[in-house]
Amino acid sequence: MSQQTPNIPTPQAIRGTQDIFGADAEAFAFVVETFERVRKLYRFRRVEMPVFEKTAVFSRSLGETTDVVSKEMYSFEDRGGESLTLRPEFTAGIARAFITDGWQQYAPLKVATHGPLFRYERPQKGRYRQFHQLDAEVIGAAEPQADVELLVMADQLLKELGIADGVTLQLNTLGDGASRDAWRAALIEYFRAHAAELSEDSQDRLERNPLRILDSKDPRDKVFTGNAPKIDDYLSAEAQDFFGKVTSGLDAAGVDWTRAPTLVRGLDYYRHTAFEFVTDRLGAQGTVLGGGRYDGLMEALGGPATPAVGWAAGIERLAMLVGGESVNFDPTPVFAIVPDSPSMRDEADRIAAHLRSVSTRPDRNSDYYIWTSFKGQGKKLAEKAKKEKVDAILFVREGEKPEDRLHLTNVKGSQGDAMDDLFNILARLPAPYTSLSGEG
RNA sequence: GCGACCGUAGCUCAGCUGGUUAGAGCGCCGGUUUGUGGUACCGGAGGUCGGGGGUUCGAACCCCCUCGGUCGCCCCA
C-alpha cells in the first residue's frame, strides 16, 4: 500500500454524512429497488425534485417555530443574495411544484420520489445530517380512501422488504382544523395547571408545541399524560366519520394497526390521519415510516386549498432492518474468468467480453455476472475469485483442442440442476468452445 | 443545544498500577508448496499511539483544550 503524502492533510468527511459501501450499500439499493417496484405497482408517478429551494418554501410550510426550521436547516445565501435551503424534507418542495408547475391539472396526483435530505442534528443511530428517504404523496384527494391506499402501499413495502415482523402501524387522527384547535386549547389548559411539575422540556413545549407533551418520555410528564384531554372528545362528526372510513378501509385490506391516541405530528401542517410504522429494533430511532394528511399545507404556500396525504421512510433505517452480511439480495450466479497462464490473458478477456455481451435478457436483467481481474493468473487469481464469492470459476488454459482449454469449477458446491444451469450458460460461448470439461 | 462512553497499523483489537527499539490476527506485497469444494509454510512493507498544550527524570497510559466516533436527551423519518 502506498504511503500518504506527508504534510498534506486529508480533508475529513462532513460530520453526519456517510460513505456507504459493501453490504450496507447493497441493502440500501435493495430498499430503493423494492420501493420502485411497489410504487409502480400502485401507479405512483416518479418525480425528481431539486435538492434546494428558497428558504420560504420550508419556513412557511413547516412553521417558523418548529425545531426543523429554527435550528436544523442548512440555509445559505447564493451569489445573488437569495436565501436558499437544502431540503430537510420532501413534502414542502412537492407542494411548491404542485402549485408552480400546474400539476393541479393531474389531481388527484400520486407521486413518489427518493433521495437525500439535510438536517443539522446531532448524529446518532439511524440519524444523519445527510440522510435519505423514500417518499409517497397523494395530492388533491380529500377521500379517506387515499389515506388507505397510501397505508396499504406502505404495509406492502415493508412486507416485501421482509421486515414487517416486529413493525407495528400506529394510527391516530388529529381531526380537522377546528377539532385540532379545540383539542390543542384543551391540552394547553390542562397542562398549564400542572406546569410546575412538568419536565423543563415540556414546560417549553407548552408554549411552542403542546401536542408533543403527549409522547414525552420523561416520567414526570407521563404522570399527567394519561388523564390529558383526548382528541376523540373534540372530533367533529365529519372528522370522526373520516377516521372511521380509514380504519375500516385498513381492516378490509387486511392491514394490522393499533390506535395510538398520543401519536402526534411535529409539523404544523398535519390534519386528520397521522401514522407511524414503529419497530423496537432500532433503539431510539424506532420510527421507520411516518406521515399523515396535510390539508392545510397548500394554502400556507399561497396555493389553492388542496387536500393531500403522504408519508416518508428513512432508507438507512429500513436498510438496517434488512441488513446483515448474510442476506443475499441477488441470487444471480457469478462466474470468474481466470487465465491459467499469462499467455492466456487475451483469450480469457475475449471470452469474458463475449459472455457479457450476450448476458442480457428481454427483461433487461442479467442471467449471470462475470468477474474478472486486471492482473494475475492461475492459483492466486482463483483464490482471489473465491474471496469475491463467485459461484464458479472458468479456467482458460493452454491446450491443443478447444475443449481442453476451458475448465469449469464449481466453487459453492451446487449440484445437479444448479450445475447444469451453469453449464447451459456457457453453451453461449463462441464457436470454438462448443464443449468444456468441468466438475460439480 | 445537553449528557455518557470511546479514538493505538488499511481493518478488528491487545498494551499490566506511566518505565528501555509499540504488539497480534486479518488484509496487502514477494516467494516456496499445492492444480483449484475458501491450501500450508517462509519473508516483507506499513504506526506523528486523532490533533494541540500541560504534569513528570520519563506519557499510548495522568490533566486541560480541540476534532472525530458511538449511544441517549431534544427533534424527527
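The sequence lines fix the lettering, A, B, ..., with proteins before strands; numbering per chain opens at 1.
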Original post:
If you measure from the P atom in C11(B) to the same atom in C28(B), how many Å do you get, rounded?
Top reply: 15 Å
Original post:
From C76(B), G3(B), C74(B), pick the nucleotide closest to the side chain of K217(A)?
Top reply: C74(B)
**OP:** Taking the six-membered ring for Trp and the full ring for Phe, Tyr or His, determine whether the centres of Y190(A) and H194(A) are under 6.0 Å apart.
**Re:** yes
Subject >> Side-chain N,O (R265(A)) to OP1/OP2 (C76(B)) below 4.0 Å >> reply: no
**OP:** Would you indicate which nucleotide in U36(B), C76(B), C73(B) comes nearest to any side-chain atom of R212(A)?
**Re:** C76(B)
**OP:** In whole angstrom, give me the gap between the C1' atoms of U21(B) and G25(B).
**Re:** 23 Å
Original post:
When the C1' atoms of U20(B) and C57(B) are considered, how many whole Å apart are they?
Top reply: 14 Å
Original post:
For the pair made of CE in M320(A) and C1' in U70(B), what is the distance, rounded to whole Å?
Top reply: 13 Å
Original post:
Quick check: does any side chain N or O of R397(A) sit under 3.5 Å from a backbone N or O of M344(A), one acting as donor and the other as acceptor?
Top reply: no
**OP:** Would you indicate what V288(A) reaches in the nucleic acid, counting non-hydrogen atoms under 4.0 angstrom: base, sugar-phosphate, or nothing?
**Re:** sugar-phosphate
Subject >> Spacing between F21(A) atom CZ and G10(B) atom C1', to the nearest angstrom >> reply: 12 Å
Original post:
For D218(A), which contact category applies under a 4.0 Å heavy-atom criterion: base, sugar-phosphate, or nothing?
Top reply: nothing
Subject >> pair F98(A)-L301(A): side-chain heavy atoms closer than 4.5 Å >> reply: no
**OP:** Grab the CZ-P distance between R122(A) and C76(B) for me, whole Å please.
**Re:** 18 Å
**OP:** Specify the separation, in whole Å, of atom CH2 of W311(A) and atom C1' of C76(B).
**Re:** 17 Å
Original post:
Are OP1 or OP2 of C74(B) and a side-chain N or O of K71(A) less than 4.0 angstrom apart?
Top reply: no
Subject >> Main-chain N/O of R87(A) paired with T85(A) side-chain donor or acceptor, under 3.5 Å >> reply: no
Original post:
When the P atoms of C5(B) and C62(B) are considered, how many whole Å apart are they?
Top reply: 13 Å
**OP:** Give one of base, sugar-phosphate or nothing for G292(A), where a contact means two heavy atoms less than 4.0 Å apart.
**Re:** nothing
Original post:
Side chains of D215(A) and T262(A): donor-acceptor distance under 3.5 Å anywhere?
Top reply: no
Original post:
How about L117(A) and R119(A): do any of their side-chain heavy atoms sit closer than 4.5 Å?
Top reply: no
Original post:
Going by heavy atoms closer than 4.0 Å, what residues in residues 125-138 of chain A are next to RNA chain B?
Top reply: K125(A), G126(A), R127(A), F131(A), Q133(A)
Original post:
Using atom P of each nucleotide, how far apart are U55(B) and C64(B) to the nearest Å?
Top reply: 15 Å
Subject >> F28(A) CZ - A77(B) P separation (whole Å) >> reply: 18 Å
Original post:
Will you find, in the side chains of T372(A) and R356(A), an N or O donor that is under 3.5 Å from an N or O acceptor?
Top reply: yes
**OP:** Check the distance between C74(B)'s P and D204(A)'s CG and give it to me in whole angstrom.
**Re:** 12 Å
Original post:
Taking the nucleotide of RNA chain B with the closest heavy atom to each, which residue, F277(A) or A382(A), is nearer the 5' end?
Top reply: A382(A)
Original post:
For the side chain of D340(A), counting heavy atoms from C-beta on, which of C75(B), G72(B), U36(B) is nearest?
Top reply: U36(B)
Original post:
Taking the P atom of each, how far is G47(B) from C42(B), in whole Å?
Top reply: 24 Å
Original post:
Does the ring center of H132(A) lie less than 6.0 Å from the ring center of F28(A)?
Top reply: yes
Subject >> Out of U70(B), A77(B), C75(B), whichever nucleotide has its closest atom nearest the side chain of T287(A) >> reply: A77(B)
**OP:** Could you measure between the two C1' atoms, the one in U70(B) and the one in C61(B), and give it in whole Å?
**Re:** 22 Å
Original post:
Are Y369(A) and F335(A) close enough that their ring centres sit under 6.0 Å apart?
Top reply: no
**OP:** Tell me yes or no: between the side chains of R46(A) and H114(A), is some donor less than 3.5 Å from an acceptor?
**Re:** yes
Original post:
How close or far is atom P of C74(B) from atom CG of L211(A), stated in whole angstroms?
Top reply: 16 Å
Original post:
Which whole-number value in Å describes the distance from Q124(A) CD to C5(B) C1'?
Top reply: 14 Å
**OP:** Can you tell me, in whole Å, how much space there is between the C1' of U34(B) and that of U48(B)?
**Re:** 43 Å
Original post:
Going by atom types only, do E160(A) and Q156(A) share a side-chain donor-acceptor pair under 3.5 Å?
Top reply: yes
**OP:** Can you tell me which residue pairs pass the salt bridge (Lys or Arg N to Asp or Glu O under 4.0 Å) test with a partner in residues 122-143 of chain A, sequence neighbours excluded?
**Re:** E121(A)-R127(A)
Original post:
Tell me, what's RNA chain B's dot-bracket, Watson-Crick or G-U with both distances under 3.5 Å, | for other-strand, [ ] crossing?
Top reply: (((((((..((((.....[...)))).(((((.......))))).....(((((..]....))))))))))))....
Original post:
Quick one: on RNA chain B, does R205(A) or F395(A) contact a more 5' nucleotide (nearest heavy atom)?
Top reply: F395(A)
**OP:** Could you work out which one of G68(B), C74(B), G3(B) sits closest to the side chain of R15(A)?
**Re:** G68(B)
